[in-house]
2 protein chains.
Amino acid sequence: MTAELNDRKEQILRSVVINYIKTAEPVGSRTISRSHPGGLSSATIRNEMADLEEMGYLAQPHTSAGRIPSQRGYRYYVDDLMDLNELSEDVEEKISTSLSAGKMREIEQIIMNSTRVLSSATNQTSLIMGPQFKKSAFHQLRILPLDEKRGLVVLITDTGFIKNKVIDFQHQLSQTELQQIVSYLNQKLYGLTIDQVTTSLINELKRDLFRRLEILEQAFILLEESLKEEKQIRVFLGGTTNILNQPEFKDVDKIRRMLNLFEQEPLLFKILEDTSSEDNIVVRIGSENEFEDIKECTLITGTYRIHDKTLGTVGVLGPTRMDYGKVISVMRRLVDQLNQSLSSS
Amino acid sequence: MTAELNDRKEQILRSVVINYIKTAEPVGSRTISRSHPGGLSSATIRNEMADLEEMGYLAQPHTSAGRIPSQRGYRYYVDDLMDLNELSEDVEEKISTSLSAGKMREIEQIIMNSTRVLSSATNQTSLIMGPQFKKSAFHQLRILPLDEKRGLVVLITDTGFIKNKVIDFQHQLSQTELQQIVSYLNQKLYGLTIDQVTTSLINELKRDLFRRLEILEQAFILLEESLKEEKQIRVFLGGTTNILNQPEFKDVDKIRRMLNLFEQEPLLFKILEDTSSEDNIVVRIGSENEFEDIKECTLITGTYRIHDKTLGTVGVLGPTRMDYGKVISVMRRLVDQLNQSLSSS
DNA sequence: TTTAGCACTCTATAGTTTGGAGTGCTAAAG
DNA sequence: CTTTAGCACTCCAAACTATAGAGTGCTAAA
């Protein structure tokens, strides 16, 4: 994985990547020669660049244009050459103030703020997968009767998640019946994660069916209704218009495809879910991405946790020509802050 | 307002508008002459068109191009010439099935579905202002203790709105203390609309302060916290990418400005709020819009209500060249359905 | 009042020219 | 053996030029 290239080639590759990231223009040998004063002549650089191209790290849009990094070039850069940026005070402040646990209790609020901060700090589109509700554990279930026919189910998880849903009662229920249902459910479900509930519940149901029929029938409906909705996890987006500033998206058709993708939440979810959560930060360059629609993009993801349990994924999506150092350092900091903010609530 | 134009001119204006809406190309005299078989020659039409241009109903992108409707032309068309379309079965079905009150209790669900239906039926961007929470009346307030330090405030309005928020208790509260607070608040607030609450609450607070100090202090915080968030009303968007299909948005810069607008919820809110809710459906063509950013667009809005109380606004935003008849008839139908669905819950 | 006819205008499209940036190769210099 | 100067070559992008076609306005005849 390391150092297939000699020092000089590495320097040149690095120069090409950095330059291209900055200018979005193919980088010529003279540009590099000049930026290393007292260095090598353009002719020498040219030779090296030709080598790098043959080895697959650089590419030429056409003869007589400069070189641009290939996907492999970016990969080498990210793995071996990249420096992480210091965060600017500006960004540092935005992250720490707008995400501090202080004011906001709701997880959703925090997440939405995160998308905003992340996209504005990176000038890319940010996507954040909301907390994986179904990975959370049951903590408490309450039912508030609203009137004779309706009630409000409130579901609380160990991760501080709160969901509520209005449900209809099939038959009229007395206060004590409700009480019974609720405490029965709480007893059975306490500590289970949400995705364990559906299957285990059915088993419980079957076993206890003949004893508690009428009561459980109701309860089952309540639960099912309130859980159904939670299967889909929300993906929050920020800075979708940032792609319009990127010259690689000057084509209206590309824009359309990209924005279309952004509107399809389930797809976004799959894209984010797909990253192995082993490493903290994962960089997927170009065709390393599984999904056709983003094969010309780079996706950088990180995961955030609460009490060491992975809650969701944070991502930045942009063209392969992206400021890797900056994005990665911003994301590191953001994930840290998220972990901290969420744990303290 | 009516019939400043003779029959023939009206026919021609109508033809130009309809043609231009369909093709997005300037309409020439021959096109019209041909589409009225046995009608007038192109020369005659030309004369009339010249008149219409002088009167301000038509415009020419340049000499030797056909005519396109001016803003005034569209206005005349909408006021006097337009036919409403029958809804296609397809659309009719989408509206009635996906918005029926049956499955969905949550207002938000219904609204989000509405944006989807509206944008797909009109091929434009749809925006719907969520229910005006602060115009709803207090119905019930509950507080569920979560643990010693925290509780869940649940607020229910007469319009079936349910909002909850986790709050911290400053001091530890006993069950009975909580009970007291809640019933006191419910008693005082019942029937008030939410935007009445803040001011009247302060007065109440002051008056009762010396008697119920500790209790009310808590309660006030609870309320304030839970109300603060509700000031901002959500605007839901659908089909934002539809503008990319419109030839008037082939310019990336225009797209950027438009999409940028879509990301600024407060602005969208202002735009929607601004429509006088007297008439059911309001059409704002081009510069009739107050807001700079949409002066090249047409905004068509309608309001939906529950029990005769205006809840929110539904809008369709697109280029002035838009199928007015279709949009208006779809919106009529949608608003009807919304009123019905919301009232029945 | 309507229409045929014609000269005129303007745009969009395709084709042409040209300058410049960058390359690869060769041969000389270190 | 490595580096570099020099030069011919390639290719694109931008500017310019031609051309066809759609549409107009006006005039004079029906």
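Heavy-atom basis, side chains included; hydrogens, waters and symmetry copies ignored. Every chain is numbered from 1 and lettered A, B, ... according to where its sequence line falls, protein lines coming before strand lines.
- For the segment residues 15-35 of chain A, no residue has any heavy atom less than 4.0 angstrom from an atom of DNA chain D.
- In this structure, B:I45 atom CD1 and C:dT3 atom P are separated by 9 Å, rounded to whole Å.
- Counting heavy-atom neighbours within 6.0 Å of A:E296 CD, excluding the residue itself, gives a total of 12 or less.
- A:Q246 is linked by a side-chain contact (heavy atoms from CB on, under 4.5 Å) to A:Q124, A:E248, A:F249, A:P319, A:R321, counting only residues two or more places apart in sequence or in another chain.
- Remark: B:R34 engages no residue in a salt bridge (charged side-chain N to carboxylate O under 4.0 Å, His left out) (not counting sequence neighbours).
- In this structure the side chain of A:R284 never reaches within 4.5 angstrom of the side chain of A:I300, judged on heavy atoms.
- The closest side-chain donor-acceptor pair between B:S287 and B:Q71 falls under 3.5 angstrom.
- Shown are B:L268, B:T313, B:I271; of these, the side chain to side chain contact (heavy atoms under 4.5 Å, CB included) with B:M129 is made only by B:T313.
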Atom pairs, protein N/O to nucleotides 2-6 of chain D N/O, distance under 3.5 Å:
residue	atom	partner	partner atom	Å
D:dT3	OP1	A:R8	NH1	2.7
D:dT3	OP2	A:R8	NH1	3.4
D:dT3	OP2	A:R8	NH2	3.1
D:dT4	OP2	A:S41	N	3.0
D:dT4	OP2	A:S41	OG	3.3
D:dT4	OP2	A:T44	OG1	2.5
D:dT4	O5'	A:S41	OG	3.4
D:dG6	O6	A:R46	NH2	3.2

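- Defined by atom type and a distance below 3.5 Å, a donor-acceptor pair is missing between the side-chain atoms of B:R332 and B:N280.
- Scanning for side-chain contact (heavy atoms from CB on, under 4.5 Å) contacts around B:S119 gives B:S126, B:N242, with sequence neighbours left out.
- Residue A:D83 holds its CG atom at 11.5 Å from CD1 of A:I328, rounded to the nearest 0.5 Å.
- Residue pairs satisfying the ring-ring contact (aromatic ring centres under 6.0 Å, His included) criterion with at least one member in residues 41-75 of chain B, sequence neighbours excluded, are listed as follows: B:Y57-B:Y76, B:Y74-B:Y324.
- Shown for residues 52-68 of chain A: residues whose heavy atoms fall under 4.0 angstrom of DNA chain D, namely A:H62, A:T63, A:S64.
- In this structure, CG on A:L334 lies 12.0 Å from NZ on A:K94, to the nearest 0.5 angstrom.
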Could you write out each protein N or O paired with an N or O of nucleotides 15-17 of chain D at a distance under 3.5 Å?
none

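- Partners of A:P26 under the side-chain contact (heavy atoms from CB on, under 4.5 Å) rule, at least two apart in sequence or in another chain, are A:P61, A:I68.
- When the C1' atoms of four end pairs are superposed on the next four at each end of the helix from C:dT1-D:dA30 to C:dG30-D:dC1, using five pairs per end, the two resulting axes differ in direction by 20°, to 10°.
- Taking the salt bridge (charged side-chain N to carboxylate O under 4.0 Å, His left out) definition, one finds that A:E92 meets it with A:R333, sequence neighbours left out.
- Applying the side-chain contact (heavy atoms from CB on, under 4.5 Å) criterion to A:S88, with sequence neighbours excluded, gives A:D90, A:V91.
- Here A:E288 pairs with A:R75 in a salt bridge; the nearest charged N to carboxylate O distance falls below 4.0 Å.
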